[in-house]
Amino acid sequence: MMLDVVLLLLGMLSPYSGGVSTPPVSAAEMTVPVVHASMSWDTPAQQVEPIDSYETLNGIALTDRTEDVVRKLGEPLEVTHDRLLGTTEYHYSDMTVGLNGGLTEYVHVEPSAKSIQVNDQSILLTTGHVSASLGTPFFKGEDGDVYVQDHQAIKVFKDPHNGEIVGVDLFIDYSE
């Protein structure tokens, strides 16, 4: 039924049907249509083998001392202390380094960073790119996925409502 209506309208508008005619148009009068393309950043990366160790996150290792962090990242924008946990947090643009007793205890990267660097590999902060680069999670929780290699873990925190990445942490896995 709908196809009949479309064909009828096309027939009425055709210059050969005796209906509405349009004058010929020269090539100079033609305009090129504008095409807007969008790219999805959630396509999986072309990673052949998942990363097999988590030595650094954005250049910081869990073996780095306070002076190593400052040497690598510069002076922090802010320093905060948590007396209950005994940690000192060095806040940088898009990331925080948690230190305890002068050693890095964790590294947290905000989603505003748009990508992370695990060891020497850059990974876009999308579910597809992260899973292609890190492989199958060791554990999937309500708040994200945990990847474990050699007593070091990366947790990719996700919004439970929409699955978007809300942060990434590197820390020592004490459970093994």
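It should be emphasised that the depicted structure is a prediction, and the values quoted were computed from it without experimental measurement.
Checked against salt bridge (Lys or Arg N to Asp or Glu O under 4.0 Å), Arg83 has no partners two or more places apart in sequence or in another chain. Residues passing the side-chain hydrogen bond (donor to acceptor under 3.5 Å, both in side chains) test with Gln152: none are found, sequence neighbours excluded. Judged as a side chain to side chain contact (heavy atoms under 4.5 Å, CB included), and not counting sequence neighbours, the contacts of Val166 are Phe157, Asp159. Legend: residues meeting salt bridge (Lys or Arg N to Asp or Glu O under 4.0 Å) with Glu67, ordered by chain and number and at least two apart, are Arg65. For Lys72, the salt bridge (Lys or Arg N to Asp or Glu O under 4.0 Å) criterion is met by Asp64, not counting sequence neighbours. Considering only residues two or more places apart in sequence or on other chains, Tyr54 meets the side-chain hydrogen bond (donor to acceptor under 3.5 Å, both in side chains) condition with none of them. Scored by the side-chain hydrogen bond (donor to acceptor under 3.5 Å, both in side chains) test, Thr136 finds no partners at all (sequence neighbours excluded). For Glu55, the side-chain hydrogen bond (donor to acceptor under 3.5 Å, both in side chains) partners at least two apart in sequence or on another chain are Ser53.
Within the structure, the salt bridge (charged side-chain N to carboxylate O under 4.0 Å, His left out) test picks out no pair touching residues 105-116 (sequence neighbours left out). Within the structure, the side chain to side chain donor-acceptor pair (under 3.5 Å) test picks out the following pairs touching residues 160-169 (sequence neighbours left out): His108-Asp169. The salt bridge (charged side-chain N to carboxylate O under 4.0 Å, His left out) analysis of residues 119-143, with sequence neighbours excluded, yields the pairs Lys140-Asp145, Asp143-Lys155.
Hydrophobic side-chain contacts under 4.5 Å tie Leu84 to no other Ile, Leu, Val, Met, Phe, Trp or Tyr residue.
Distance alone, capped at 3.5 Å, places no donor-acceptor pair between the Ser133 side chain and the Val130 backbone.
Considering only heavy atoms from C-beta on, Lys158 comes within 4.5 Å of Thr127 through its side chain.
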task = Report the C-alpha distance between Val69 and Tyr92 in whole Å, list the side-chain angles of each, state the deciding distance to 0.1 Å, and finish with yes or no for side chain to side chain contact (heavy atoms under 4.5 Å, CB included).
result = CA-CA 11 Å; Val69 172; Tyr92 294 91; 3.8 Å; yes
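Between the side chains of Asp94 and Ser112, at least one donor N or O sits under 3.5 Å from an acceptor N or O.
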